[in-house]
Amino acid sequence: MEVRYRSHAVERMIKRGISPHHVEDILESPDDVIRQSMDKVIAYKRIEGRNDNSVAVVAVKEGQAWEVITVMINFEARP
């Protein structure tokens with residue numbers, strides 16, 4: 001899977017201690033996905049060993065690749 005990162009996403013990953021491995025794992029096997037538009041999603045997952053609620057990745061599908069817009073921690077999906 002090809003994943004590209006916007007500079008904002010990289011800044012947030014560094015600040016929040018989230019590795020590219022975690023981002024790719026969330027995109028490949030999320031606990032759930034919230035569709036924002038035809039190509040934009042919020043994929044989120046609880047990551048073992050972290051004290052956050054869930055880690056969420058906001059990404060846009062571009063062909064076969066993902067472009068990560070930002071990464072959030074303590075994410076809670078609301079109905």
Side-chain angles (χ1 to χ4, degrees):
M1 166 176 49
E2 181 183 350
V3 180
R4 295 186 293 269
Y5 299 88
R6 291 188 182 173
S7 59
H8 175 80
V10 172
E11 291 170 9
R12 294 299 178 257
M13 289 167 63
I14 291 168
K15 180 178 180 180
R16 296 171 175 149
I18 300 167
S19 70
H21 170 76
H22 285 136
V23 170
E24 292 170 19
D25 180 49
I26 293 166
L27 290 171
E28 287 180 347
S29 59
D31 288 345
D32 205 355
V33 174
I34 300 169
R35 186 160 300 282
Q36 296 285 289
S37 66
M38 290 278 290
D39 57 353
K40 184 178 176 184
V41 300
I42 301 173
Y44 60 95
K45 183 175 191 170
R46 288 189 65 83
I47 296 178
E48 192 173 323
R50 290 189 61 103
N51 295 327
D52 315 306
N53 182 19
S54 288
V55 177
V57 175
V58 180
V60 175
K61 186 76 167 186
E62 295 184 339
Q64 298 301 314
W66 286 103
E67 181 175 11
V68 177
I69 298 168
T70 194
V71 177
M72 301 176 280
I73 57 173
N74 294 315
F75 182 79
E76 292 185 41
R78 301 200 177 156

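Closest non-hydrogen pair, Ala9 versus Val68, comes out as CB-O, 3.5 Å. For the residue pair Arg46 and Asp31, the shortest heavy atom distance occurs at N-OD2, 2.9 Å.
When side chains are defined from C-beta on, Asp52 does not count as touching Ile47, because their heavy atoms never get closer than 4.5 Å. Residues Arg6 and Glu67 are in side-chain contact: their nearest non-hydrogen atoms beyond the backbone lie under 4.5 Å apart.
The distance from atom NE2 of His21 to atom CD1 of Ile26, rounded to the nearest 0.5 Å, is 9.5 Å. Summarising the geometry, atom CD1 belonging to Ile42 is positioned 11.0 Å from atom CG belonging to Asp32; distances are rounded to the nearest 0.5 Å. Between the OG1 atom in Thr70 and the CZ atom in Arg16 there is a gap of 6.0 Å [rounded to 0.5 Å].
Partners of Glu76 according to the side chain to side chain contact (heavy atoms under 4.5 Å, CB included) rule, which considers only residues two or more places apart in sequence or in another chain, are Asn53. With sequence neighbours excluded, the residues that form a side chain to side chain contact (heavy atoms under 4.5 Å, CB included) with Val33 are Pro30, Val41, Ala43. Residues that satisfy the salt bridge (Lys or Arg N to Asp or Glu O under 4.0 Å) test with Asp25, not counting sequence neighbours, are Lys45. Among residues two or more places apart in sequence or in another chain, the side chain to side chain contact (heavy atoms under 4.5 Å, CB included) test is passed with Glu24 by Met1, Val3, Tyr5, Pro20. Not counting sequence neighbours, the partners of Ile14 by the side chain to side chain contact (heavy atoms under 4.5 Å, CB included) test are Val10.
If you chain together hydrophobic residues whose side chains sit under 4.5 Å apart, Ile34 and Val23 never meet in one group. Grouping the Ile, Leu, Val, Met, Phe, Trp and Tyr side chains by contacts below 4.5 angstrom, directly or via other members, places Tyr44 apart from Trp66. In terms of hydrophobic clustering, with Ile, Leu, Val, Met, Phe, Trp and Tyr side chains grouped at heavy-atom distances under 4.5 Å, Val57 and Phe75 are assigned to different clusters. When the side chains of ILVMFWY residues are joined at heavy-atom separations under 4.5 Å, either directly or via intervening members, Met72 and Ile69 end up in a single hydrophobic cluster. Val58 and Met13 fall into different hydrophobic clusters, defined by Ile, Leu, Val, Met, Phe, Trp and Tyr side-chain heavy atoms under 4.5 Å apart, directly or through other members.
No donor-acceptor pair closer than 3.5 Å links the side chain of Arg12 to the backbone N or O of Lys15.
Applying the side chain to side chain donor-acceptor pair (under 3.5 Å) test to every pair with at least one member in residues 54-63, sequence neighbours left out, gives these pairs: Arg4-Glu62.
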